Amino acid sequence: MPKFKYYAIFSTFLLLFFLSTFQVDAQKIPYTSQKSAKGTSAMVVSPHPLATEVGLSILKAGGNAIDATVALQFAQAVVYPRAGNIGGGGFMVIRTKDGKAITIDYREKAPAKANRNMYLDEKGDIIPGLSTKGHLAAGVPGTVDGLIQAHEQYGKLPFTQLIQPAIELAQKGYPISQTEADRLNRFQDDFKAVNDEPNPFIKANWQEGDVLQQTKLAETLARIQKKGRAGFYKGKTAKAIVREMKEGNGIISRRDLSKYKAQWRDPVEGQYKSYKIISMPPPSSGGLALIQLLKMVEPYPIEQWGFHDPRTIHLMAEAERRAYADRSQHLGDMDFYPVPVDSLLAATYIKDRMKDFSPDKATLSSDILAGEFQGVMKESFETTHSSIVDAEGNAVSLTTTLNSNFGCKVWVDEGGFFLNNEMDDFSSKPGVPNQFGLVGAEANAIAAGKRMLSSMTPTIIEKDGEVFMVIGAPGGSTIITAVFQVFLNVAAFDMPLEKAVEASRFHHQWLPDRILIEKDGLSKALQEKLKAMGHQLSEVNYMAVIKAIQRLQDGSWQGVGDERNPDDDARGY
Ligand code: GLY
């Protein structure tokens, strides 16, 4: 790749320069993450203070938002190993300073040996756990190619500089937070079930402050630094992944890796009142569903009804029911299936979809199934999101994932990273729910080389032609409804961003036919009113974890992380 040859000539000089400007010292940063920050020029919100610091240091060193995002995602692969990754995939929505909106899809792909029945037994029933744990659950990772392509197209600083903080964090190690210690302890049995020891993640009783050092990962990152995409998709790293596959009956091949390519795609766009929504197209369902939801509620006076008025919740839940029914039937990888994007967003279709909405009675999801144009959470939600704006006017909304916590739990021995279990996001059998309780159909059936449907909703919202909000979240199927609700908390209910993010959320995903509510989120009286309309309610501790940036009236930036993740961190300048 000519660009990398060019970089190689200057890399020694640039590294020396960079090492003198890199301000992040992992050992010194306290885990007192900052949930809210203001900045006149730039802002970074991420799931971890060290990742935020890396992004911010790149901006301060003259990088733009795309540079900061690339550096931040590599750093997350080190300091947020349960979801930040190089063994997974993601989506990036970019709005440049000139107002151009574009997305890059680096979602994982099904390996060439995958087929639609690969998780079924001889009777045609799902084999429990096969699509979620172990080698067969992994899709071909997309992160490294996605980040490199994003940088090639829009980056300013040399790639070698952007990946250097991650290498240092992996080499030196960093003290883990209480949340990370809890997660690592929770998954010890899973780690042991599919990995050999010694392994840096397998240890009895992790404690806050223990230093996690990842020397194998540092070596892999150094190979990527030196060779670009070939440092991951070819040579030693590719060999390590394939060896891992052979040992665990996985199917990712050298050819799958060398053929992987991230895809530039036009965003899906829609208008809600005076706001322009720019979001991720299929293979994510996020952008389409978000715009459908906003268009479905737009004709109703929710501003007058108010936040968490029973009429408002009922309307929003009914819109959610319909959008998720569409998701399960019509959405999948557009490169394999003709997703009817325009039809799903057509004003006549949206109007028709809400024709059977009753203002005081819940519709049965079984009736929605019959209407046309024609899930049960088993594991905590894990994915991760970062929102970034720079002083030049570029904005990036990035959601990336291994799917479950630590993906399929397989740690590539010689590579030093976890692999995803994204194959579970396909519909393994029509009508049978995946780990998020989501059901699917032909549009999202497994096929070799296909990308699995996602709910990730990295979004940028404009008002008066300028960036108004950068928003997204981890949270499996609840991501879409969280972005929908937090945006409306600001745009319709006039909440400051901190309150909008903090406010309790609810979620309907068509099947199972119930509204998920957060613990202590809705008063008993309100719950009774919703039940009287025919809704079933079900409580969970918390759902998606928003990371958002809003432009304030004076032109400055407000960044907000979510208390739902103790390590969420917002910093700006
Ligand atoms: N793996 C979660 C999602 O992509 O929606």
Side-chain angles (χ1 to χ4, degrees), residues 47 73 76 80 82-85 87-93 103-110 131-133 137-143 146 262-263 265 268 279-290 320 323-324 326-328 331-334 339 375-386 397-409 418-428 433-440 443-444 446 450-459 471-484 507 509-510 516 543-546:
Q73 166 133 13
Q76 274 186 166
Y80 202 73
R82 65 181 187 266
N85 66 80
F91 301 124
M92 202 187 289
V93 177
T103 77
I104 184 153
D105 160 10
Y106 52 98
R107 183 74 160 162
E108 300 89 330
K109 284 183 165 196
S131 65
T132 51
K133 281 197 191 118
V140 183
T143 295
Q263 192 68 41
R265 300 189 192 278
V268 279
S279 193
M280 197 65 211
S284 186
S285 58
L288 260 169
L290 174 65
E320 291 172 6
Y324 277 76
D326 281 350
R327 178 196 193 280
S328 76
L331 295 200
D333 182 352
M334 287 190 292
V339 178
V376 206
M377 267 66 100
K378 292 185 187 138
E379 197 176 342
S380 66
F381 322 100
E382 214 41 78
T383 285
T384 187
H385 180 85
S386 303
S397 191
L398 160 88
T399 314
T400 180
T401 187
L402 290 167
N403 199 10
S404 301
N405 278 288
F406 307 100
C408 66
K409 319 299 191 268
F418 285 101
L419 287 171
N420 66 84
N421 62 348
E422 220 66 65
M423 292 296 284
D424 188 62
D425 272 345
F426 278 117
S427 172
S428 295
N434 72 355
Q435 67 167 337
F436 299 115
L438 293 165
V439 292
N444 191 32
I446 304 172
K450 188 174 176 180
R451 290 178 158 102
M452 53 297 284
L453 185 59
S454 171
S455 300
M456 294 191 282
T457 315
T459 299
I471 186 167
S477 56
T478 69
I479 295 173
I480 305 166
T481 48
V483 171
F484 170 53
H507 170 78
Q509 61 178 44
W510 177 53
L516 273 187
M543 291 184 267
V545 183
I546 289 280

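No experiment lies behind these values; they were computed from the predicted model shown. All residue numbers refer to positions in the sequence shown, counting from 1. Counting starts at 1 for both ligands and their atoms, in listed order.
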The atoms of ligand 1 lying under 4.0 Å from a heavy atom of Asn403, numbered in the order shown, are 1 (N), 2 (C)
the protein heavy atom lying closest to atom 4 (O) of ligand 1 turns out to be Ser454 OG, 2.7 Å
The closest protein heavy-atom partner of atom 2 (C) of ligand 1 is Asp425 OD2, 3.2 Å
Distance col, row Met92:CE vs Leu398:CG, nearest 0.5 angstrom, shows 5.5 Å
Near Arg107 (heavy-atom distance under 4.0 Å), the atoms of ligand 1 are 4 (O)
Q. Is there a donor-acceptor contact under 3.5 Å linking the side chains of Thr132 and Gln435?
A. no
Any heavy atom of Gln435 under 4.0 Å from ligand 1? The part involved is neither
To the nearest 0.5 Å, atom OH of Tyr324 lies from atom CZ of Arg327 at 7.0 Å
Any N or O of Ser455 closer than 3.5 Å to N or O of ligand 1: yes
For the residue pair Thr400 and Asn85, confirm or rule out a side-chain donor-acceptor distance under 3.5 Å. yes
Quick look: Met452 vs ligand 1, heavy-atom contacts under 4.0 Å, and the answer is neither
dist Asp105:CG -> Met334:CE (nearest 0.5 Å) comes out at 8.5 Å
Residues passing the salt bridge (Lys or Arg N to Asp or Glu O under 4.0 Å) test with Glu422, sequence neighbours excluded, are Arg107
